[in-house]
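Notes follow the structure.
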There are 2 protein chains.
Amino acid sequence: MAASARRGSPLSSREIYGEALRLIDERGVEALSMRKLAAELDVNPMSLYHHVPNKEALLEGVCDLVISGIELPADDAAPWQEQLKALGVGLRAIALAHPALYPYLVSRPRLMRHDTVWEAQNRVLAAAGVPEERRPRIRNVLFAFTTGFLLTEINGVFPEPDDEAFDEAVDLIINGLSAYGSCGESGA
Amino acid sequence: MAASARRGSPLSSREIYGEALRLIDERGVEALSMRKLAAELDVNPMSLYHHVPNKEALLEGVCDLVISGIELPADDAAPWQEQLKALGVGLRAIALAHPALYPYLVSRPRLMRHDTVWEAQNRVLAAAGVPEERRPRIRNVLFAFTTGFLLTEINGVFPEPDDEAFDEAVDLIINGLSAYGSCGESGA
DNA sequence: TCGGTCAGCCATACACCGTATGGAAAGCTA
DNA sequence: TAGCTTTCCATACGGTGTATGGCTGACCGA
């Protein structure tokens, strides 16, 4: 492996994705360019193309990097209302950690199809008493509501990052889901 | 007003916005460029800048154009559940009519602060029995959920445009809101 | 040790983008 | 007719993503 003329070690796609994420977090998605990224890595722009097919794939890789780092609380002992909230908090943490990337992140199916998120949300729905055959669709709705709320929050459409709005949103969903169970057999 | 060398009548910002919207609907937001737009209008690219300060403002104007065309059903006689659904249907119509623009549309405060939408949603919350002091925040949540669902649907994250998922989403919100009223004084 | 192979890197170039600048042309007012 | 304003356009600059093709140095079988 020919080392870069300017760097000691050769590039890796992991390193590229990491630096791209850093740039996005710092200056926004549209400020990211292959040239700037290459400069930041002390490398010729075209060198990136030996590890990443194009910019689209670069962003995809950055999304994967973030998604792979998701850690969701999985406390099956807790009542489903608390689990639901914990799930929301987990997703919100990602949104707040990478607000610039988040709109891009939720605009592709990757996050939605992520196993950890899928299973966690499905588990909550089961605990809430949602009949199995309705779970997939309701879980899609739940996902859409969650990311939609976070997007709106991130985009600054709310007056400001608003913890109370978040609580209100969680409550609204909890109340909504309660009706799907056997009419009131809630835990907590 | 000097007429264009190539066209009969002079440009107008309205005409520019309209054509831009057409291009966006046809080929997507990122396919829109000042040059292509000018070509479509049979005009020199720089001519656009006499009616629109920059591309950012162009998109803003396109959003305003779409928003100004919103027609929401305002049937106060109907039970709030039906009004809520009608509201959702109205917003969904915009999303489905301009799927390419929609993500851009909801990423800025314009739509959220739109009077017609604001008042209609607030009215529904009032009819649902939500206490007045909690209405603004809950209406923000409602807005976020609605646009979030539509965004997810538009982005093709769902298997396909899914009317049943939409119904499920509406039901979930209705159930959620019902808990805010006087515990069960629902119409219809 | 030698020669071949090849992954990794880079220089150049192309087409496209948004738009700053400044000048030409057409209409209105006086 | 003179001047002013509005509209339009030609040119140019610095940025973008990336196609193309050449270089270089590490590895490997002989």
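In this text, all values refer to a predicted model and were calculated from it rather than measured experimentally. Quick note on labels: first sequence line is chain A, next is B, and so on, each numbered from 1.
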Problem - Residues within residues 98-109 of chain B bordering DNA chain C, heavy-atom distance below 4.0 Å - result: none
Problem - Short side-chain N/O contact to C:dC17 OP1/OP2 from B:Ser33, under 4.0 Å - result: yes
Fill in the blank from the handout: Among D:dC9, D:dT7, C:dA11, the one nearest any side-chain atom of B:Met46 is D:dC9
Hey, can you pull the donor-acceptor pairs under 3.5 Å for the side chains in residues 125-132 of chain A, sequence neighbours left out?
none

Problem - Which residue lies more 5' along DNA chain D, comparing A:His50 with A:Arg35 via nearest heavy atoms - result: A:Arg35
Handout entry: B:Leu37 CG to C:dC16 C1', straight-line distance once rounded to whole Å
Key = 16 Å
Problem - Short N-O contact, B:Lys85 and B:Glu82, less than 4.0 angstrom - result: no
Exercise for the section: Tell me, yes or no, whether the heavy-atom count around B:Arg22 atom CZ, taken from other residues, nucleotides or ligands under 6.0 Å, exceeds 12. Expected result: yes
Exercise for the section: Mind calculating the distance between CG (B:Asp42) and C1' (D:dT7) to the nearest angstrom? Expected result: 16 Å
Exercise for the section: Verify the cluster assignment for A:Leu72 and A:Ile174: are they in a single hydrophobic cluster under the rule of side-chain heavy atoms below 4.5 Å apart? Expected result: yes
Problem - Euclidean distance, atom CZ of residue B:Arg27 to atom P of C:dC17 [Å, nearest integer] - result: 11 Å
Exercise for the section: Spell out, as yes or no, whether a donor-acceptor pair under 3.5 Å connects the side chain of B:Glu19 to the backbone of B:Leu37. Expected result: no
Problem - Face-on cation placement of A:Arg134 at A:Tyr180 ring, 6.0 Å and 45° thresholds - result: no
Exercise for the section: May I have the distance from B:Leu48 (atom CG) to C:dA20 (atom C1'), rounded to whole angstrom? Expected result: 15 Å
Exercise for the section: Rounded to 10°, tell me the angle between the two end axes of the helix from C:dT1-D:dA30 to C:dA30-D:dT1, each built from five pairs. Expected result: 0°
Practice task
Nearest 0.5 Å please: distance from the CD1 atom of B:Ile24 over to the OH atom of B:Tyr104.
Solution key: 9.0 Å
Handout entry: Atom pair distance, as rounded to whole Å: OH in A:Tyr49 and C1' in C:dC14
Key = 13 Å
Completion exercise
Within residues 52-66 of chain A, the residues having a heavy atom closer than 4.0 Å to DNA chain C are none
Practice task
Look at the side-chain N and O atoms of B:His51 and state whether any lies under 4.0 Å from the OP1 or OP2 oxygen of D:dT6.
Solution key: no
Completion exercise
Sorted by chain and residue number, the side chain to side chain donor-acceptor pair (under 3.5 Å) partners of A:Asn54 (sequence neighbours excluded) come out as none
Practice task
Grab the CE-P distance between A:Met34 and C:dA15 for me, whole Å please.
Solution key: 21 Å
Handout entry: salt_bridge(A:Arg92, A:Asp163) N-O dist < 4.0 Å
Key = yes
Handout entry: N or O in side chain of B:Lys36 less than 4.0 angstrom from C:dC16 OP1/OP2
Key = no
Problem - A:Arg27/A:Glu40 salt bridge by N-O under 4.0 Å criterion - result: yes
Practice task
Please report, rounded to the nearest Å, how far the P atom of C:dA20 is from the CG atom of B:Asn44.
Solution key: 15 Å
Practice task
Could you name each residue pair satisfying salt bridge (charged side-chain N to carboxylate O under 4.0 Å, His left out) that touches residues 93-105 of chain B, not counting sequence neighbours?
Solution key: none
Exercise for the section: Would you mind checking if B:Lys36 and B:Glu26 are paired as a salt bridge, meaning a charged N to carboxylate O distance below 4.0 Å? Expected result: no
